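The block underneath contains the structure these notes are about, expressed in C-alpha cells.
Quick caveat: nothing in here was measured; it's all calculated off a predicted structure.
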Amino acid sequence: MKSAESKVVGALSNVLRSDSEELDLALFGAAINALGDLRSAEAVPALIEAMYAAGAVRPGAARAGGQRQHRRRRAPPDPAR
C-alpha cells in the first residue's frame with residue numbers, strides 16, 4: 001500500500017506532466033512549490049522534467065522559485081538637502 005506522501009507526489013507529478021497548453025501557470029507553479037516543500041526523493045524526476053519543459057513552453061519559468069528581475073534601487077534621500 002502506498003503512503004499518503006507517495007500518493008501526493010504521484011498526483012502532483014501528474015499535474016506537471018499534463019498537457020502544458022491546457023495547464024494554468026498558477027497551477028503549474030503551485031504543483032512545483034508543493035513538490036519542493038515535500039522534500040521527497042520521489043518528486044525529483046518530475047521536478048527535473050518540469051524544469052526543462054518549462055524552459056521550452058514557458059520561458060523564464062525554469063528559474064523556478066519566482067525570482068524577480070532585479071531593479072536598480074534609488075539611494076535614499078539625503079536628509080542634509
Inset, instruction - To the nearest 0.5 angstrom, please state how far the CG atom of Leu47 sits from the CG atom of Asn33. - result: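 The distance works out to 9.5 Å.
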Legend entry - Any side-chain heavy-atom pair of Leu35 and Leu16 under 4.5 Å: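 When only atoms from C-beta onward are counted, Leu16 and Leu35 do touch, with a gap below 4.5 Å.
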Legend entry - Donor-acceptor contact below 3.5 Å, side chain Ser18 vs main chain Val15: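 Checked: pair present.
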Legend entry - Shortest non-hydrogen contact from Glu42 toward Ser6: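 It is OE1-OG, 3.0 Å.
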